[in-house]
Protein chains: 2
Amino acid sequence: MYDKLIDHIHQNTPGPGIDKQIIAEYFTPKCYGKKEHFLKQGYICRLAGFVIEGCSRNYMLSTEGKEVNIGFNFENWWIGDVCSFVNQTPSLVNTQFLENTTLLTITAKNHLDLLNKSQYFREYTNKLRSKATLASVQNLSGLSESAKTRYRVLLEKYPKIQQRVSQKHIASFLQITPEALCRLRKSEIS
Amino acid sequence: MYDKLIDHIHQNTPGPGIDKQIIAEYFTPKCYGKKEHFLKQGYICRLAGFVIEGCSRNYMLSTEGKEVNIGFNFENWWIGDVCSFVNQTPSLVNTQFLENTTLLTITAKNHLDLLNKSQYFREYTNKLRSKATLASVQNLSGLSESAKTRYRVLLEKYPKIQQRVSQKHIASFLQITPEALCRLRKSEIS
DNA sequence: TAAAACCGTTGACCTAGATCAAGACTTTTA
DNA sequence: TAAAAGTCTTGATCTAGGTCAACGGTTTTA
């Protein structure tokens with residue numbers, strides 16, 4: 001299990017890598033059930049997690065209380081609201097598991113310790129976070145495309161998403177209604 | 001001039017602050033003209049800048065080559081594409097000045113040195129970046145609101161934006177046409 | 001295992017915002 | 001300072017996607 005994280009770090013950051021022993025010391029495995037929340041708006045994000053198996057969605061609430069999906073987290077990616085985690089302030093983001101999920105979790109304190117201790121881990125963290133930021137900016141500008149284009153881009157990025165995520169949640173991420181997604185898919189096939 | 005940055009760091013991060021001497025050593029003032037680009041898609045972001053005076057817009061290109069504004073940078077904020085700056089990879093983002101602008105700039109190498117040297121500066125950087133990420137995620141979910149609501153939110157965030165940024169660019173940020181913004185403003189007043 | 005809740009699909013109709021065109025006003029450039 | 005280019009506004013028309021309603025299939029819960 002630890003190897004998955006170690007590999008991910010090493011694949012993303014050239015350098016010495018990180019000892020399994022250190023990972024085992026700083027990270028704790030945790031299991032969550034489908035539909036369970038990892039983080040709720042208003043609470044402080046006290047843990048960050050690396051997805052070993054399973055998936056989740058991140059969503060925010062609109063002014064009328066409607067849930068708007070802003071992203072999905074599959075294997076080999078991090079979950080947790082960076083802003084809340086770093087500043088230890090209440091989160092605006094919700095994270096809910098869409099499958100039974102296994103994480104390697106780390107506390108804010110441990111994460112800070114590891115950052116201060118290892119320049120290599122700092123580099124990895126900076127890279128990862130900057131990529132996550134780029135992704136959300138790309139999604140932002142991507143919303144200027146038609147729903148059909150956004151759907152195609154999503155399928156390119158996550159070819160198997162249809163097998164794992166309901167249309168309802170995909171539609172919410174595309175910022176269209178489930179009805180619109182349904183029609184869009186029909187027209188796409190033909 | 002350096003004081004503006006020093007104040008900003010100190011206001012955002014409790015702690016010892018940073019010596020003026022260090023700032024002067026690591027940062028270089030630069031002036032740019034209106035319409036000039038700070039960063040263009042495809043190029044590597046070699047400098048980050050702190051806005052002393054002036055403003056700029058960040059935009060990306062849609063699949064049809066249309067410019068889509070993803071944000072504005074006013075005084076006391078950073079400019080530069082974090083992903084390109086951290087990874088020294090080609091940027092997907094463009095940054096263009098909307099006024100004559102003065103920046104305090106820092107090279108990627110100097111920034112890395114300062115991060116490795118000062119835990120305090122690391123903390124500041126982490127906080128700032130996490131806030132920037134939150135902002136783009138908020139904009140992303142915000143696009144599920146009506147154009148009128150988005151416009152109102154923008155005016156709340158930047159009360160003076162109408163005096164400094166053309167409606168064309170505000171419309172692009174709201175992801176509507178200038179015509180739609182014009183009508184929206186008319187209806188808003190009455 | 002029956003009832004209730006949820007999900008995807010389809011149809012009919014509606015609306016926010018797009019597109020295209022044109023005129024007045026302002027800014028830039030030669 | 002005159003011409004050219006860009007900006008804002010308004011009108012007429014169009015369309016992608018929303019809303020509401022209904023039905024069959026599946027999953028959850030009692």
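Letters A, B, ... are given to chains in the order of the sequence lines, protein chains preceding strands, and every chain is numbered from 1.
If you measure from atom CG of B:Leu174 to atom P of C:dA16, you get 17 Å, rounded to the nearest angstrom. Rounded to an integer number of Å, the gap from B:Glu145 CD to D:dG18 P is 14 Å. At whole-Å resolution of the value, CG in B:Leu98 and C1' in D:dT7 are 15 Å apart. Here the P atom of nucleotide D:dT7 and the CD atom of B:Gln162 are 17 Å apart, to the nearest Å. When the C1' atom of D:dT27 is taken as reference, atom NZ of A:Lys35 falls 9 Å away, rounded to whole Å.
Ring centroids of A:Tyr32 and A:Phe38 are separated by less than 6.0 Å, placing the two rings close together.
Without hydrogens or angle criteria, A:Thr125 side chain to A:Phe121 main chain gives a donor-acceptor distance under 3.5 Å.
Among pairs with a residue in residues 142-171 of chain B, those fulfilling ring pair (Phe, Tyr, Trp, His ring centres under 6.0 Å) read B:Phe74-B:Tyr158, at least two apart in sequence or across chains. Sequence neighbours left out, the pairs with a member in residues 101-113 of chain B that pass side chain to side chain donor-acceptor pair (under 3.5 Å) are B:Lys109-B:Asp113. Residue pairs satisfying the side chain to side chain donor-acceptor pair (under 3.5 Å) criterion with at least one member in residues 65-75 of chain B, sequence neighbours excluded, are listed as follows: B:Ser56-B:Asn73, B:Arg57-B:Glu67, B:Arg57-B:Asn69, B:Asn58-B:Asn73, B:Glu75-B:Arg164.
Candidate nucleotides C:dC20, D:dG17, C:dG17 were compared by shortest atom distance to the side chain of B:Ala147, and C:dG17 ranks first. Checking C:dG8, D:dG17, C:dG17 against every side-chain atom of A:Ile176, the shortest atom distance belongs to D:dG17. If you check C:dT10, C:dG8, C:dA18 against the side chain of A:Gln167, the one that comes closest is C:dG8. Comparing C:dA18, C:dT10, D:dT10 by their closest approach to the side chain of B:Glu179 singles out D:dT10.
No more than 12 heavy atoms of other residues, nucleotides or ligands lie within 6.0 Å of CD in A:Glu53, so this atom counts as exposed by the packing criterion.
A close approach under 4.0 Å does not occur between any side-chain nitrogen or oxygen of B:Gln175 and OP1 or OP2 of C:dA18. The phosphate of C:dT10 has OP1 or OP2 within less than 4.0 Å of a side-chain N or O from A:Lys186. OP1 or OP2 of C:dA18 sits under 4.0 Å from a side-chain N or O of B:Thr177.
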What does the list of N/O pairs under 3.5 Å between the protein and nucleotides 12-15 of chain C look like, with a distance for each?
residue, atom, partner, partner atom, Å
C:dA12, N6, A:Arg183, NH2, 3.4

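Residues that satisfy the ring pair (Phe, Tyr, Trp, His ring centres under 6.0 Å) test with B:Phe50, not counting sequence neighbours, are B:His8, B:Trp78.
Five base pairs at each end of the helix from C:dT1-D:dA30 to C:dA30-D:dT1 define two local axes, and these are offset by 60° (rounded to 10°).
Looking at A:Ile9 and A:Ile23, their side chains come closer than 4.5 Å, going by heavy atoms from C-beta outward.
Between the side chains of A:Ser130 and A:Thr133, no donor N or O sits under 3.5 Å from an acceptor N or O.
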